[in-house]
Amino acid sequence: DLALRSAKQRGKNRVELYEVGYDQELRRRTTLEHELRGAIDRDELHLQFQPVVMLPSVRPVGAEALLRWNHPELGSVRPDEFIPVAEECGMIEKLDRWVLHQACHQLSRWLGEGHDVWVSVNVSPRELHRACYVEQVKEALRAHRVPPQRLVLEVTEHAVATDLDEMIRQLRGVRETGVRIALDDFGAGYSSLGQLRDLPIDILKIDHSLVLEERMMPVIVELGHQFGLEVIAEGIEEQHQMTMVVKTGCRLGQGYLAGRPVLAEHFEARLQSLAPVIPNSRQPERQIN
Ligand code: C2E
Ligand code: MG
Ligand code: MG
Ligand code: MG
């Protein structure tokens, strides 16, 4: 009897614990939602850039722009946490537009300095469904004088899963502007090979989880190439992974090993360290006797 009672009590406690946890989660969401509304105006957002490198070197050919939020009290909040909140409370349009403009601004500066580089931004599935999205992209390109082929828009496969035909229509429209489309996180969820065949995309980003699959990687990379796509292996953290990826014939990679996401000025420093040295200005030309 006593044992039963204590078990019941424990059960009850567990329910209470659960409710407390749920309550806390709800409160956190409400706080995030509320704080996120003012984040742009309070200047709490910034972008980091993670290099996409030519393999097997670590020479950056492009960069993915990743959104960062530093709140004075909440500290730094991860995009995995606040992006879904923004999507649910209708804030994502504003955020993604801000990101698009910031990214184009940076890109335009780098191109102006003569760097051969592209920048990608992540696009929320909700964005693509908006009729005026294409106009928004064109406007950003115009405002910052960025050639469209220097901008890449990353869409995830779960965006595609809902309505493939609609997605194809949307992507065609965006692609007509000349920007390139990357399918992000391929292999992480519900991707089907049919999508690779049907979607008007230019780049295939193979998800970290698939990059670890030593027997599948060569097949997926080859498939991507067969479809005329550039293939990027994501989430390369260790040398042995890099070696394996290179063996598959994959030409582009991204991950902590080649470079973590960093501030624009740090990425720029990396670009500068690769810039060709102009003869005469820096090094006296050697006389040939
Ligand atoms: P994603 O687009 O797949 O971005 C790659 C994520 O993987 C980034 O996390 C990056 O820091 C992380 N990563 C890169 N290399 C490695 C590695 O070697 N190992 C591991 N473990 N992780 C690596 P982050 O920045 O936290 O972004 C998470 C997700 O949030 C992104 O996934 C993207 O879906 C979303 N996100 C980020 N910025 C934006 C944005 O501006 N707009 C939208 N709509 N979504 C964004
Ligand atoms: Mg991405
Ligand atoms: Mg990704
Ligand atoms: Mg991801």
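In each ligand, atom 1 is the first atom listed, and ligand 1 is the first ligand listed.
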Is [X] close enough that one of its N/O/S atoms sits under 2.8 Å from the Mg ion (ligand 3)?
X: Asp207; answer: no
X: Glu154; answer: no
X: Asp184; answer: yes

Residue among Glu154, Gln50, Glu64 satisfying side chain to side chain donor-acceptor pair (under 3.5 Å) with Ser120: Glu154
Residue part near ligand 1, for [X], under 4.0 Å between non-hydrogen atoms:
X: Glu127; answer: neither
X: Leu67; answer: both
X: Ile236; answer: backbone
X: Asn122; answer: both
X: Glu81; answer: neither

Which one of Ile92, Leu66, Val121 has a non-hydrogen atom at the shortest distance from atom 8 (C) of ligand 1? Leu66
From Pro79, Pro261, Ala182 - option closest to atom 30 (O) of ligand 1 by heavy atom: Pro79
In Asp185, the N/O/S atom nearest the Mg ion (ligand 3) carries the name OD1
The Mg ion (ligand 3) to Glu234: nearest N/O/S atom name: OE2
Can you give each donor-acceptor pair under 3.5 Å made by side-chain atoms of residues 235-243, sequence neighbours left out, with the distance rounded to 0.1 Å?
| from | atom 1 | to | atom 2 | distance (Å) |
| --- | --- | --- | --- | --- |
| Glu238 | OE1 | His240 | NE2 | 3.1 |
| Gln241 | OE1 | Glu237 | N | 2.8 |
| Gln241 | OE1 | Glu238 | N | 3.2 |
| Thr243 | OG1 | Gln239 | O | 2.9 |

Give the minimum heavy-atom separation between Leu111 and His115, together with the two atoms involved. CD2-O, 3.4 Å
Using a cut-off of 6.0 Å, state whether more than 12 heavy atoms not belonging to Glu214 lie near its atom CD. no
For the CZ atom on Arg68, are there more than 12 heavy atoms of other groups (residues, nucleotides or ligands in this structure) within a distance under 6.0 Å? yes
Under 4.0 Å from any heavy atom of [X], which atoms of ligand 1 are there?
X: Glu234; value: 3 (O)
X: Asp96; value: 42 (N), 43 (C), 44 (N)
X: Asp185; value: 3 (O)
X: Gly255; value: 15 (N), 18 (O)

Measuring from Glu230:CD to Ile201:CD1, what's the distance to the nearest 0.5 Å? 12.0 Å
With rounding to the nearest 0.5 Å, note down the distance linking CD in Gln149 to CG in Asp202. 11.0 Å
With the Mg ion (ligand 2) as the point of reference, which N/O/S atom of Glu64 is the closest? OE2
Using a strict threshold of under 4.0 Å (side-chain N to carboxylate O), is an ion pair present between Glu33 and Arg37? yes
Sub-3.5 Å donor-acceptor pair from the side chain of [X] to the main-chain atoms of [Y], do we have one?
X: Arg172; Y: Pro200; result: no
X: Arg126; Y: Glu87; result: yes
X: Asp96; Y: Ser124; result: yes
X: His144; Y: Val146; result: no
X: Arg130; Y: Glu93; result: no

Check for me whether Gln48 has a heavy atom closer than 4.0 Å to any atom of ligand 1. no
Between ligand 1 and Arg260, can you find any atom pair, the residue atom being a heavy atom, that is separated by under 4.0 Å? no
Are any of the N/O atoms in [X] less than 3.5 Å from those in ligand 1?
X: Gln254; answer: no
X: His208; answer: no
X: Arg78; answer: no

Derivation of the side-chain contact (heavy atoms from CB on, under 4.5 Å) call for Val245 and Leu55: CA-CA 9 Å; Val245 167; Leu55 299 173; 3.6 Å; yes
Closer than 2.8 Å to the Mg ion (ligand 2): does that hold for any N, O or S atom in Thr156? no
